[in-house]
Amino acid sequence: LVLLLFLTEFARGAFFFTFLPSWVVNYLGFSVTVVGFAVSAQYLTETLFKTFAGWQFDRLGRPVLIGGLGLSFLSLLVLKHWPVTAAMIVFAGLFGLGFSPLWLGVISRVAPLEASRRGTRISMVFASWLAGAGSGMVSANFLMVRDYETVFKLVLLLWALSFLIAWFSSGPAAGLGDQKISAGNGHGAWKALKRMATNKIMTRLLFPGIFFQTLAAGLLLPVLPLFVQQHLHLNHSQYGTMLLAGGAAAVLSLLPMGHLADRFSLRCLLGLGFGLSSLMLGLLTLSQKTTEAYLLAVLLGVSYAMILPAWNSLVAR
């Protein structure tokens, strides 16, 4: 499961956060707005269909995951070979739809609510996610020095490998067996949603918090590659090194932060993590030297690692 998550996040990070912005703006000559719509579309559909995907995954298990991976693979092919604005946005959304059951399948097996030391288990999932997404973004930057086709072929290869891993995984040990879990006729899920909608903590704290985190990421990710090229004057290799430094700091910090989330106040960890992340992002816009950008990326990675296990533990409560 961890390998599956790593490979898919590697491919998604390489395609959407490195390949697509540079390819669309610098090669196709479209505006960065197209990139923003495409990246937002895949996140939006992934988010909107998560509840439905989770319900279907509980009922059907592995076939839902395999079908989603197949849909995302076809969407990648269309995105590359049909570079029309409307088609790119639509099929980016379909990619997100196909991706929606993946996270749910992994985290429900690796870190179920009743598991002991859940913060540590969640940190393992997030470490796999960050390592995959970060490695994809970094590797794509180094490969794009040669050409765009190499990056795209690598993305397709890894996604096909992920599909095969999910296809041949079976049995309780793999966590993706075809055992069907009783999920009723949907009324249970609807009642759960109604309970959450009337819960003041959910509506006043968690939902706005989740929304603003995703909004910030959606604003940042499409323009970050262009920002470092045009304002920090970093080439693809230097940008890859900056991402590597920040991503490595985040991954190495996740397990210690997961231990802290199991032992200390989540409010303190979240306040410190969000505050430091905001400060580092603000300072990044003022940095003038490459070494400054690298240092801020490392500190941003550490502060982000404070947030992830603590926030997920808060949501679980």
Side-chain angles (χ1 to χ4, degrees), residues 1-17 39-73 75-76 92-113 115 118-137 158-159 162-163 165-166 169 174-176 181 183 189 192-193 196 206-207 209-211 213-214 217-218 221 247 250-251 254 258 304-305 307-316:
L1 287 171
V2 169
L3 175 62
L4 182 65
L5 182 63
F6 174 85
L7 291 176
T8 51
E9 288 291 356
F10 187 108
R12 178 161 77 159
F15 186 85
F16 278 98
F17 307 138
V39 173
S40 298
Q42 64 102 10
Y43 270 126
L44 180 64
T45 53
E46 181 190 358
T47 303
L48 289 178
F49 285 96
K50 257 189 166 63
T51 299
F52 178 76
W55 176 43
Q56 292 300 319
F57 187 81
D58 282 341
R59 293 177 63 246
L60 304 174
R62 181 177 57 172
V64 175
L65 188 63
I66 292 173
L69 290 171
L71 177 61
S72 295
F73 183 81
S75 300
L76 287 172
L94 289 176
F95 177 93
L97 173 62
F99 200 86
S100 59
L102 185 67
W103 258 96
L104 304 168
V106 172
I107 205 162
S108 65
R109 300 298 193 268
V110 176
L113 287 176
R118 190 167 185 271
T120 303
R121 288 171 174 262
I122 290 172
S123 297
M124 292 173 59
V125 176
F126 276 118
S128 173
W129 163 54
L130 277 180
S135 299
M137 295 171 69
L158 292 178
W159 205 268
S162 302
F163 184 85
I165 290 173
S169 296
L176 288 176
I181 301 171
L193 288 174
M196 287 191 292
L206 295 183
F207 286 159
I210 293 170
F211 175 81
Q213 288 178 64
T214 310
L221 290 172
V251 171
L254 268 174
Y304 194 50
I307 297 171
L308 291 177
W311 179 261
N312 204 290
S313 296
L314 178 65
V315 173

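Not measured: the values here are computed from a predicted model.
- For Leu94 against Ser75, the heavy-atom pair with the smallest separation is CB-OG, 3.5 Å.
- Across all non-hydrogen atoms, the minimal contact from Ser162 to Leu69 is O-CD1, 4.0 Å.
- Annotation: side chain of Val125 is in contact with side chain of Trp103 (closest heavy-atom distance under 4.5 Å).
- For Phe207, the CZ atom is densely surrounded, since the number of other residues' heavy atoms within 6.0 Å is greater than 12.
- You'll find the side chain of Phe99 reaches within 4.5 Å of the side chain of Arg12, heavy atoms only.
- Residues Phe95 and Phe15 keep their aromatic ring centres 6.0 Å or farther apart.
- Atom CG of Leu1 sits about 9.0 Å away from atom CG of Leu102, to the nearest 0.5 Å.
- In terms of heavy-atom proximity, Leu254 sits nearest to Pro309 at CD2-CD, 3.8 Å.
- Every residue two or more places apart in sequence or in another chain was checked for a ring-ring contact (aromatic ring centres under 6.0 Å, His included) with Phe17, and none qualifies.
- Looking at residues two or more places apart in sequence or on another chain, you find no ring-ring contact (aromatic ring centres under 6.0 Å, His included) involving Phe10.
- Taking CD1 of Ile165 as the start and CG of Leu158 as the end, the distance is 9.5 Å to the nearest 0.5 Å.
- Leu7 pairs in a side chain to side chain contact (heavy atoms under 4.5 Å, CB included) with only one of the listed residues (Leu5, Leu4, Leu3), which is Leu3.
- Listed here is the closest heavy atom pair of Gln42 and Val39: CG-O, 3.2 Å.
- Atom CZ of Phe163 and atom OG1 of Thr8 lie 13.5 Å apart (nearest 0.5 Å).
- Between Leu65 and Ala166, the closest heavy-atom pair is CD2-CB, 4.4 Å.
- With rounding to the nearest 0.5 angstrom, the CG atom of Leu48 is 14.5 Å from the OH atom of Tyr43.
- Expressed to the nearest 0.5 Å, how far CD of Gln56 lies from OG1 of Thr51 amounts to 12.0 Å.
- At a threshold of 4.5 Å between non-hydrogen side-chain atoms, the residues Ser135 and Phe6 count as touching.
- Contact of the Val106 side chain with the Trp129 side chain is not registered, since no non-hydrogen atoms from C-beta on lie closer than 4.5 Å.
- Of the possible donor and acceptor atoms, one in the side chain of Ser100 sits under 3.5 Å from a partner among the backbone N and O of Leu97.
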